Protein chains: 2
Amino acid sequence: MSGATKDTEDTSDCWTVGQLAGDLGVTTRTLRFYEAEGLISPGRNGTSRVYDHRDRARMRLILRGKRFGMSLPEIREIVGMYDGAASSERRQLQTLLDRLGEITLDLQARQRDLAGTLTEVGDVADQCRRRLDELD
Amino acid sequence: MSGATKDTEDTSDCWTVGQLAGDLGVTTRTLRFYEAEGLISPGRNGTSRVYDHRDRARMRLILRGKRFGMSLPEIREIVGMYDGAASSERRQLQTLLDRLGEITLDLQARQRDLAGTLTEVGDVADQCRRRLDELD
DNA sequence: TGCGCGATTGACGTTTACGTCAACGTCAGG
DNA sequence: CCTGACGTTGACGTAAACGTCAATCGCGCA
């Protein structure tokens, strides 16, 4: 009797569409759509989709991309790289490395953008507080 | 003869749709669409739109919101606040201040999100480099 | 054995954020 | 005076990212 509930083998390290959708806060339609778009490729048990830890991690990557405002094609490129990272072809690894450098630069630019926005928002908040003080 | 070209009064501190669109890298359709959606309200010279520095700054705010993946309604709320910051009603200022706090929290969460992604991307890049080293 | 739950695949609808096109005004230059 | 560049307002089209609905299937169970 381990600590984890063990009803079916499903609960241990695999998920159905409904389970994973519920966990991630998306709908089953979304998961199927992403599969049709080539973003994930879960296994099958008969005709039913079976998602493992790798699929789950991939989905978290995808959702983070969405939070960053990326389009699905852009996201597909990024997550595809995690697969290519295990490659053994020098050319492919070098291309991937170059692309990762570009992505890093983009992310750093976003960081600066965010930082600037934060100070701006802080400035507006300061203005608000000053005006509130003046109203005494 | 001042240093600045002074063909019409237009060049000094105002812009037409076409000029501003060109400067900002969007289309005139986009500017008109944003106006119809209540995101900007440029002045008029006859029937023609006239954008001043305030409109320009507003547009940069809007475009930054887009880069952050915000929807136009969300952006409208944010940029609307910059107007409300000059308010003199205590209630309104307080509401605005509260909302700014929420926005700050959201932006900070995004910062952490971004930082995590950057280290992850760095890790994948390291893996690539190691594999490239092994190929000697 | 029949019920309900959750899964499947189409097919079509919807929203957002514009693009595109039509029809028209206006103003400077040749 | 005519042309061309740029402006205007609708109206309609479109791509992305799903939502929704229908018809069907397999599975556990009272």
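First the proteins, then the strands, lettered A, B, ... as listed; each starts at 1. Keep in mind that this is a model prediction, so the values were computed, not measured.
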Open item on the list: By the definition salt bridge (charged side-chain N to carboxylate O under 4.0 Å, His left out), identify the one residue from B:Arg44, B:Arg29, B:Arg76 that meets it with B:Glu35.
Closed with: B:Arg44
How many whole angstroms separate atom [atom1] of [X] from atom [atom2] of [N]?
X	N	atom1	atom2	answer
B:Leu31	D:dT9	CG	P	12 Å
A:Glu37	D:dC18	CD	C1'	10 Å
B:Arg76	C:dC18	CZ	C1'	15 Å

Task: Any A:Tyr34 side-chain nitrogen or oxygen under 4.0 Å from OP1 or OP2 of D:dA17 - done: no
Open item on the list: Does D:dA16 have OP1 or OP2 under 4.0 Å away from a side-chain N or O of A:Lys66?
Closed with: no
Open item on the list: Treating A:Arg49 as the side-chain partner and A:Gly43 as the backbone partner, does any N or O pair qualify as donor plus acceptor under 3.5 Å?
Closed with: no
TODO: Examine distances only and state if a side-chain atom of A:Asp52 and a backbone atom of A:Asp55 form a donor-acceptor pair shorter than 3.5 Å.
DONE: yes
Open item on the list: Under a plain distance cut-off of 3.5 Å, with no hydrogens placed, do A:Arg99 and A:Thr95 share a side-chain donor-acceptor pair?
Closed with: no
Open item on the list: Can you see whether B:Asp23 engages B:Gln19 through a side-chain donor-acceptor pair at a distance of less than 3.5 angstrom?
Closed with: no
TODO: Would you mind telling me which of C:dG19, D:dG19, C:dA17 lies closest to the side-chain atoms of B:Thr30?
DONE: C:dG19
For residues 115-126 of chain B, please give each side-chain donor-acceptor pair under 3.5 Å, one per line with the distance, not counting sequence neighbours.
residue, atom, partner, partner atom, Å
B:Thr117, OG1, A:Arg64, NE, 3.1
B:Thr117, OG1, B:Asp113, O, 2.9
B:Thr119, OG1, B:Gly116, O, 2.8
B:Glu120, OE1, A:Arg64, NH2, 3.1
B:Glu120, OE2, A:Arg64, NH2, 2.7
B:Asp126, OD1, B:Arg129, NH2, 3.1

Open item on the list: Counting primed atoms plus P, OP1 and OP2 as sugar-phosphate and everything else as base, spell out the protein contacts along nucleotides 4-16 of chain C at 4.0 Å heavy-atom distance: B, S or - for each nucleotide, 5' to 3'.
Closed with: ---SBB-------
